A.B. asks: 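Quick one: this structure, given as structure tokens, is what I'll be asking you about.
What you see is a predicted model; the values in this text were computed from it and never measured. Positions are given from 1 along the sequence.
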Amino acid sequence: MSIEVTGLNKKFGDFVALDDVNVTIPTGQLTALLGPSGGGKSTLLRIIAGLEKGDTGTVNIEGVNATNLPAQKRNVGFVFQHYAVFKHMTVAKNVAFGLEIRKRPKDEIAHRVDELLKLVHLSQFAHRLPSQLSGGQRQRMALARALAVEPSVLLLDEPFGALDAKVRKELRDWLRRLHDDVHVTTVFVTHDQEEAMEVADEIVVINEGRVEQVGTPDQLYDEPANDFVMSFLGEVTHLGGVSLRPHDIDLETQPLLAGAVEGSVSRMVRIGFEVRLHVLTVDGDEVSVIITRTHARSLGLEEGSTVYLTPAAGATVIPRMAAVG
Ligand code: ATP
């Protein structure tokens with residue numbers, strides 16, 4: 001295992017930022033720390049990096065107890081949202097920087113910089129200044145710079161957070177491909193569930209300083225540990241005391257299934273191939289249901305129709321928590 005965090009606690013004054021965090025991050029994978037703003041993701045990443053110290057607990061990196069090691073001795077590379085580039089140095093010089101301070105031979109540096117610029121598709125911009133690059137290109141340069149010294153772990157704190165949606169999407173596809181090429185253990189912070197689901201091999205869901213669940217995107221989506229994880233990773237609705245996904249509900253116009261809950265369609269919205277319905281049940285629940293357009297048409301649904309709802313066979317269903325509406 002590449003990174004093992006055990007019994008980690010961190011307070012800022014009276015505020016508990018991390019509460020007994022235990023996480024194991026496997027070697028060679030792309031792991032996302034996912035959760036709402038203020039949940040403690042960056043604090044955890046900074047403690048792994050050695051930029052911040054936990055109050056109690058240990059951090060092991062590649063089998064070495066790194067808890068008290070300074071950042072520069074941990075062999076980690078980082079990229080932050082607003083990366084501090086050297087503005088007066090060319091792209092190539094920025095990438096070479098870490099190797100130059102380690103006094104590597106000149107031709108080795110030149111070769112490595114060439115290789116890295118190819119990897120991040122910036123070869124043609126080697127002699128530009130960072131100010132002459134787009135935001136997305138600058139972040140790719142930052143990644144090349146972090147990779148230059150061959151870190152055993154790469155830590156990314158919302159690396160694409162400041163970019164527009166289209167560039168973000170391109171960069172996340174690119175990061176996935178880059179990772180498939182270089183396989184360096186990578187941990188990235190995001191509050192965007194779609195980004196985490198698309199890019200990560202494994203996701204650590206963090207909320208209010210605690211780890212809610214660790215798993216693959218499929219595990220978290222299909223077997224959420226609790227209501228929080230379920231609602232953070234996708235749409236959730238409530239039917240008869242359980243939480244489930246709106247597309248995991250069987251909807252009929254006749255009471256065909258035992259235990260079906262009767263309701264009436266209060267709103268119908270067509271979006272592309274799907275139809276989103278709000279159903280007001282006789283129990284007083286307002287349930288969201290998503291069905292295909294074809295299905296809606298075959299049932300002849302309209303606002304005011306009487307319908308019967310049951311959780312679909314194989315649906316992910318968890319007991320509804322009182323606190324979450
Ligand atoms: P975001 O997605 O908004 O960056 P996050 O999950 O990364 O959120 P952290 O940055 O880890 O959250 O912060 C966790 C909590 O700790 C926040 O409430 C934040 O205000 C607090 N915090 C972080 N750093 C400090 C600090 N140096 N001093 C005091 N409080 C801090």
A.B. asks: Give me the atom names and distance for the closest heavy-atom approach of Ala258 to Thr310.
C.D. replies: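 For Ala258 and Thr310, the tightest heavy-atom pair comes out as O-CG2, 4.0 Å.
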A.B. asks: Determine the sole option in Leu301, Leu309, Ile290, Ile249 for which the side chain to side chain contact (heavy atoms under 4.5 Å, CB included) test with Leu277 is passed.
C.D. replies: Leu301
A.B. asks: Determine whether Arg112 and Arg104 make a side-chain contact, defined as any pair of heavy atoms from C-beta on separated by less than 4.5 Å.
C.D. replies: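 Not touching, per the 4.5 Å side-chain cut-off.
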A.B. asks: Is there side-chain contact between Lys93 and Glu100, with heavy atoms separated by less than 4.5 Å?
C.D. replies: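 Yes, close enough: below the 4.5 Å cut-off.
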A.B. asks: Using side-chain contact (heavy atoms from CB on, under 4.5 Å), reason through Val199 and Leu30 one step at a time and then give a plain yes or no.
C.D. replies: CA-CA 8 Å; Val199 177; Leu30 190 47; 3.4 Å; yes
A.B. asks: Within the 4.5 Å heavy-atom criterion, are Met230 and Arg245 side-chain neighbours or not?
C.D. replies: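 Answer yes - side chains close enough.
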A.B. asks: Below 4.0 angstrom, N of the basic side chain to O of the carboxylate: do Glu198 and Arg176 qualify?
C.D. replies: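 No, this pair does not count.
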A.B. asks: Under 3.5 Å, side chain of Ser2 to main-chain N/O of Pro26, donor-acceptor pair present?
C.D. replies: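 No; judged by distance alone, with no hydrogens or angles, the pair does not exist.
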A.B. asks: Can you tell me which residue among Thr190, Leu175, Val187 is in a side chain to side chain contact (heavy atoms under 4.5 Å, CB included) with Leu156?
C.D. replies: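 Only match with Leu156 under side chain to side chain contact (heavy atoms under 4.5 Å, CB included): Leu175.
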A.B. asks: Which heavy atom of Thr185 sits nearest to which heavy atom of Ser152, and what is that distance?
C.D. replies: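 Shortest heavy-atom contact: CB-O, 3.7 Å.
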A.B. asks: Should the pair His88 and Phe86 be assigned to parallel (<30°), tilted (30 to 60°) or perpendicular (>60°) ring geometry?
C.D. replies: perpendicular
A.B. asks: Using a strict cut-off of less than 4.0 Å between a Lys/Arg side-chain nitrogen and an Asp/Glu carboxylate oxygen, indicate whether Lys169 and Glu195 qualify as a salt bridge.
C.D. replies: no
A.B. asks: Do the side chains of Glu286 and Val279 get nearer than 4.5 Å, heavy atoms only?
C.D. replies: no
A.B. asks: Does Thr281 offer a backbone N or O that forms a donor-acceptor pair with the side chain of Asp285 under 3.5 Å?
C.D. replies: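 No; judged by distance alone, with no hydrogens or angles, the pair does not exist.
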A.B. asks: Between Pro130 and Met141, is any pair of side-chain heavy atoms under 4.5 Å apart?
C.D. replies: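 Yes, at least one pair of side-chain atoms sits under 4.5 Å.
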A.B. asks: List the atom of Val229, the atom of Pro224, and the distance in Å for their closest heavy-atom pair.
C.D. replies: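 For Val229 and Pro224, the tightest heavy-atom pair comes out as CG1-CB, 4.0 Å.
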A.B. asks: Could you tell me whether Arg102 sits above the aromatic face of Phe97, with NZ or CZ closer than 6.0 angstrom to the six-membered ring centre and within 45 degrees of the axis?
C.D. replies: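 Cation-pi check for Arg102 and Phe97: fails.
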A.B. asks: To the nearest 0.5 Å, tell me how far Ile3 CD1 sits from Arg74 CZ.
C.D. replies: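 Output value for this atom pair is 10.0 Å.
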A.B. asks: Decide side-chain contact (heavy atoms from CB on, under 4.5 Å) for Val21 and Arg210; before the verdict, give the C-alpha distance in whole Å, the side-chain angles of both, and the deciding distance to 0.1 Å.
C.D. replies: CA-CA 6 Å; Val21 168; Arg210 284 184 301 274; 6.0 Å; no
A.B. asks: Is a donor from one side chain sitting under 3.5 angstrom from an acceptor on the other, for Asn9 and Thr56?
C.D. replies: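 There is such a pair (donor and acceptor under 3.5 Å, judged by atom type) between the side chains of Asn9 and Thr56.
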A.B. asks: Could you pull out the closest heavy-atom pair between Gly304 and Ser264, with the gap in Å?
C.D. replies: O-CB, 4.4 Å
A.B. asks: Within the supplied structure, the quantity of interest is the number of heavy atoms (other residues, nucleotides, ligands) at a distance under 6.0 Å from His183 NE2; does it exceed 12?
C.D. replies: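 Yes.
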A.B. asks: Main chain of Arg293, side chain of Glu274: is a donor-acceptor contact present, judged purely on distance under 3.5 Å?
C.D. replies: no
A.B. asks: When hydrophobic residues are tied together by side-chain contacts of less than 4.5 Å, even through go-betweens, does Phe228 share a cluster with Met197?
C.D. replies: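 Yes, because Phe228 and Met197 connect within a single hydrophobic cluster, where side-chain heavy atoms sit under 4.5 Å apart.
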A.B. asks: For Glu194, does the CD atom have more than 12 heavy-atom neighbours from other residues, nucleotides or ligands under 6.0 Å away?
C.D. replies: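 Open: at most 12 neighbouring heavy atoms sit under 6.0 Å from CD of Glu194.
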A.B. asks: Using the rule that two of Ile, Leu, Val, Met, Phe, Trp, Tyr join whenever any of their side-chain heavy atoms come within less than 4.5 Å, decide whether Leu244 and Val275 are in one cluster.
C.D. replies: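 Result: yes, single cluster for both.
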A.B. asks: Roughly how far, to the nearest 0.5 Å, is the OG atom of Ser42 from the CD1 atom of Ile206?
C.D. replies: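 OG of Ser42 is found 9.5 Å from CD1 of Ile206.
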A.B. asks: Do Thr216 and Leu220 have side chains that get closer than 4.5 Å, going by heavy atoms?
C.D. replies: no
A.B. asks: Could you state whether Ile318 and Val287 fall into the same hydrophobic cluster, counting links through intermediate Ile, Leu, Val, Met, Phe, Trp or Tyr residues with side-chain heavy atoms under 4.5 angstrom apart?
C.D. replies: no
A.B. asks: Starting from the C-alpha separation in whole Å, work towards a yes-or-no answer on side-chain contact (heavy atoms from CB on, under 4.5 Å) for Val5 and Leu8.
C.D. replies: CA-CA 7 Å; Val5 172; Leu8 187 63; 3.7 Å; yes
A.B. asks: Show, in sequence, the C-alpha distance, side-chain angles and deciding distance for His191 and Ser37, and conclude whether the side chain to side chain donor-acceptor pair (under 3.5 Å) test is met.
C.D. replies: CA-CA 7 Å; His191 58 263; Ser37 182; over 6 Å; no
A.B. asks: Answer with yes or no whether the hydrophobic clustering places Val16 together with Leu45; edges join I, L, V, M, F, W, Y residues whose side-chain heavy atoms lie under 4.5 Å apart.
C.D. replies: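 Hydrophobic grouping puts Val16 apart from Leu45.
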A.B. asks: Taking atom CZ of Arg267 as the centre, does the number of heavy atoms from other residues, nucleotides or ligands within less than 6.0 Å exceed 12?
C.D. replies: no
A.B. asks: How long is the gap from CG on Asp248 to OG on Ser243, to the nearest 0.5 Å?
C.D. replies: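 Taking CG in Asp248 and OG in Ser243, the distance rounds to 12.0 Å.
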A.B. asks: Are Val211 and Val204 packed together at the side-chain level, in the sense that at least one heavy-atom pair is separated by less than 4.5 angstrom?
C.D. replies: yes
A.B. asks: Give me the atom names and distance for the closest heavy-atom approach of Val184 to Leu147.
C.D. replies: CG1-CD2, 3.8 Å
A.B. asks: Under the side-chain contact (heavy atoms from CB on, under 4.5 Å) rule, what do Val95 and Val120 come out as? Steps first, then yes or no, please.
C.D. replies: CA-CA 11 Å; Val95 175; Val120 301; over 6 Å; no
A.B. asks: Measure the spacing between CG of Asp114 and CG of Leu119 and express it to the nearest 0.5 Å.
C.D. replies: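 These two atoms lie 12.0 Å from each other.
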A.B. asks: If you take all heavy atoms of Pro217 and Asp201, which pair is closest and at what distance?
C.D. replies: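 Closest pair (atom of Pro217, atom of Asp201, distance): CD-O, 3.4 Å.
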A.B. asks: Under a 3.5 Å threshold, yes or no: a donor from one side chain and an acceptor from the other, between Asp222 and Thr316?
C.D. replies: no
A.B. asks: Are any of the side-chain heavy atoms of Asn207 and Val205 separated by less than 4.5 Å?
C.D. replies: no
